[in-house]
Amino acid sequence: MIARAALEIESGMTVNLGIGLPTKVIDHLPSHLEVCLHTENGMSGIGPTLPSDRADRNLIDAGGAYVSTVPGSAFFDSVTSFAMVRSGRLDLTMLGAFEVGANGDLANWKIPGKFSPGVGGGIELAQKARRVVVLTTHTDRAGKPKLKTECSLPLTARGCVARIFTDMAVIDVGPEGFELVETAQGVSSADVAAATGAPLRIPNTALPSF
Amino acid sequence: MRLPNKTCAMGATIARINDGDTVMVGGFGVPGTPMTLIHALVAHGAKNLTIIKNDANEPGMGIDHLLRAGLVKRLITTHLGLNAHAIGLMNAGKIEVEFNAQGILAERIRAGGAGIGAILSDVGIDTELAQGKQIVEVEGKPHLVETALRADVALIHADRADPFGNLGYVATARNFNPVMAMAAKCVIVEAEAVVPLGALPADAVQTPGVFVDHVVALETLTEEYAVVER
């Protein structure tokens, strides 16, 4: 699923990879790809993650991982970093999710009474990146669908999600809700529909698998 | 003509912080967090502080020392995810926490530093972060009024400074430091190196010394500045 999501990143893009599953996408990007990775704490042109014995104490990404530069990297302050985000300079952001609504609503920052660490840069990424895709397990730890008709948790942003990559499928959020695009190997369309908490449009044609 | 010398001893500068003050603290995680100034503030012991900082560092690091010493009444921040202790204090009602979207926190501070009363933004307008905020329509679209933030004191970490307070930062240790250095009545800087006037090329100055009140040279870098083993 992470390898499949990595194919979403095209040459020429400026991309922000959110904390959690999306950060792992970096390991699946081909070396010939011309892409600029942005991180909220003030860097464009993120290079490979470094082990602690080779780390620079002053060079981290927004998730706290020690990263490196590539030729052409730039550092900047938090004002500049979010000017990039809010003014639409991010072609793509990949975010984690607690819930995604069939209307493209995203909830990924707060579970009242259980998890409330604050939103960080999540609202601005979700609301302002030109394209927002989500990487998430299809169901939560209790096996309940994370893709729902409507989000029940506090929202991060409305109507922002264009595509969802899960361990079961690739699903687009269209004008009429969730549309199945691809399935994971060994997973049927019916399996995906059964694990999805909202109507799922399944095309009549054979679907690719990943 | 010679520019004024603002170098001074740590204790004398920190003693200016009073009970009830609002204190901005630079840093995003470890990089750029003024660890030594924070320890001096703990030793000074000013109480009922409002702290403005991007995050709460990690347990036993950075502003967590202020939290453990019981000096913080209110925290204006964006994310506490790496500090379970801070989340525990918040959930127990021991500290008040106001969450901001990260870039909006930066812009509110920038407005404070730029002499502007508030900014207008639609960030988070569909979320609970909009609760209680005034809404203004601009060109047919609703915007939240995000009020400017200023502080009594800003604690800043710089890589290098000259005696006038011209500053340079390194890598991702820049983050909130330059903007906070503009937005407080009294700006106190700890610098890893204090170089002679003229040693920082004018084009390389990232915060002009005009914004800075006091410069403290760091004699040693404690373990807290080092790479965190996870």
Side-chain angles (χ1 to χ4, degrees), chain A residues 19 39-43 46 50-69 73 75-87 105-107 109-110 112-128 154-160, chain B residues 26-32 54-56 58 75 77-84 86-87 90-91 97-107 109-110 113 121-129 159 169-180 192 206-207 221 225-230:
Chain A
I19 295 169
T39 184
E40 297 94 300
N41 57 321
M43 181 185 188
I46 306 174
L50 296 177
S52 58
D53 61 333
R54 289 169 52 211
D56 176 342
R57 65 185 167 90
N58 288 310
L59 184 40
I60 62 171
D61 68 13
Y66 291 95
V67 294
S68 56
T69 56
S73 294
F75 299 121
F76 33 80
D77 68 10
S78 299
V79 169
T80 307
S81 186
F82 280 91
M84 292 175 185
V85 176
R86 288 192 307 272
S87 66
D105 287 0
L106 174 65
W109 75 282
K110 184 172 183 179
K114 284 188 185 167
F115 180 83
S116 56
V119 74
I123 288 179
E124 283 149 303
L125 291 171
Q127 196 176 331
K128 299 296 187 179
L155 288 186
T156 308
R158 277 197 199 285
C160 62
Chain B
F28 189 127
V30 170
N54 174 65
D55 57 277
E58 296 174 51
L75 182 57
T77 187
T78 78
H79 196 268
L80 308 179
L82 289 178
N83 191 341
I87 291 174
M90 172 180 72
N91 290 343
V97 175
E98 177 193 317
F99 286 120
N100 286 247
Q102 201 161 84
I104 296 304
L105 181 67
E107 283 296 320
I109 297 166
R110 190 193 62 80
S121 157
D122 67 348
V123 167
I125 198 158
D126 296 323
T127 75
E128 62 181 46
L129 264 59
D159 178 62
Y169 309 96
V170 68
T172 57
R174 196 183 315 184
N175 56 65
F176 280 83
N177 279 299
V179 74
M180 287 181 170
E192 296 190 20
Q206 292 174 312
T207 289
L221 289 178
Y225 293 91
V227 168
V228 182
E229 300 280 349
R230 292 200 178 86

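All values derive from a computational prediction rather than experimental measurement. Numbers restart at 1 for each chain; the letters A, B, ... are given by sequence-line order, proteins then strands. Just the heavy atoms: all of them, side chains too, but no hydrogens, waters or symmetry mates, feed the values below.
For Ala101(B), the parts lying near chain A are the backbone and the side chain together; criterion is any non-hydrogen pair under 4.5 Å. Using a 4.5 Å cut-off between heavy atoms, Tyr225(B) contacts chain A through both its backbone and its side chain. Contact of Val228(B) with chain A is made through backbone and side chain together, with heavy-atom distances under 4.5 Å. Of the two parts of Val85(A), neither the backbone nor the side chain holds a non-hydrogen atom closer than 4.5 Å to a non-hydrogen atom of chain B.
Using modelled atom types, one side-chain atom of Glu124(A) and one backbone atom of Ile104(B) make a donor-acceptor pair closer than 3.5 Å. In this structure, the side chain of Asn175(B) engages the main chain of Pro31(B) through a donor-acceptor pair within 3.5 Å. Panel note: side chain Thr156(A), backbone Ile123(A); no donor-acceptor pair is recorded below 3.5 Å. Glu40(A) contributes no side-chain N or O that, together with a main-chain N or O of Gly121(A), makes up a donor-acceptor pair within less than 3.5 Å.
Among Ser73(A), Pro154(A), Ala126(A), Ser52(A), the residue with the largest count of heavy-atom pairs under 4.5 Å with chain B is Ser52(A). Interface check for chain B: of the options Ala157(A), Gly42(A), Ala62(A), Gly113(A), the most heavy-atom pairs under 4.5 Å are formed by Ala62(A). In terms of non-hydrogen atom pairs under 4.5 Å with chain A, the most contact-rich of Glu128(B), Arg110(B), Glu229(B), Gln206(B) is Glu128(B). Per-residue counts of heavy-atom pairs under 4.5 Å with chain B were compared for Ser116(A), Gly122(A), Gly63(A); the largest is that of Ser116(A). Chain B forms the most heavy-atom pairs under 4.5 Å with one residue out of Phe76(A), Phe75(A), Phe115(A), and that residue is Phe75(A). Here Val170(B) is the residue among Asp159(B), Ile109(B), Val170(B) with the most heavy-atom pairs under 4.5 Å with chain A. Counting heavy-atom pairs closer than 4.5 Å to chain A, the top residue among Asn177(B), Thr127(B), Val123(B) is Val123(B). When each of Asp77(A), Leu59(A), Asp61(A) is scored by its heavy-atom pairs under 4.5 Å with chain B, the top score falls to Asp77(A). When each of Ile87(B), Asn54(B), Asp126(B), Thr77(B) is scored by its heavy-atom pairs under 4.5 Å with chain A, the top score falls to Asp126(B).
By the 4.0 Å N-to-carboxylate-O rule, Lys128(A) lies close enough to Asp122(B) to be salt-bridged with it.
Remark: Glu107(B) CD to Phe82(A) CZ distance equals 10.5 Å, nearest 0.5 Å. Rounded to the nearest 0.5 Å, atoms CZ (Arg158(A)) and CD1 (Ile125(B)) are 11.0 Å apart. A distance of 8.0 Å separates CZ of Phe99(B) from NZ of Lys110(A), quoted to the nearest 0.5 Å.
Side chains of Arg57(A) and Leu221(B) form a contact here, defined as non-hydrogen atoms less than 4.5 Å apart.
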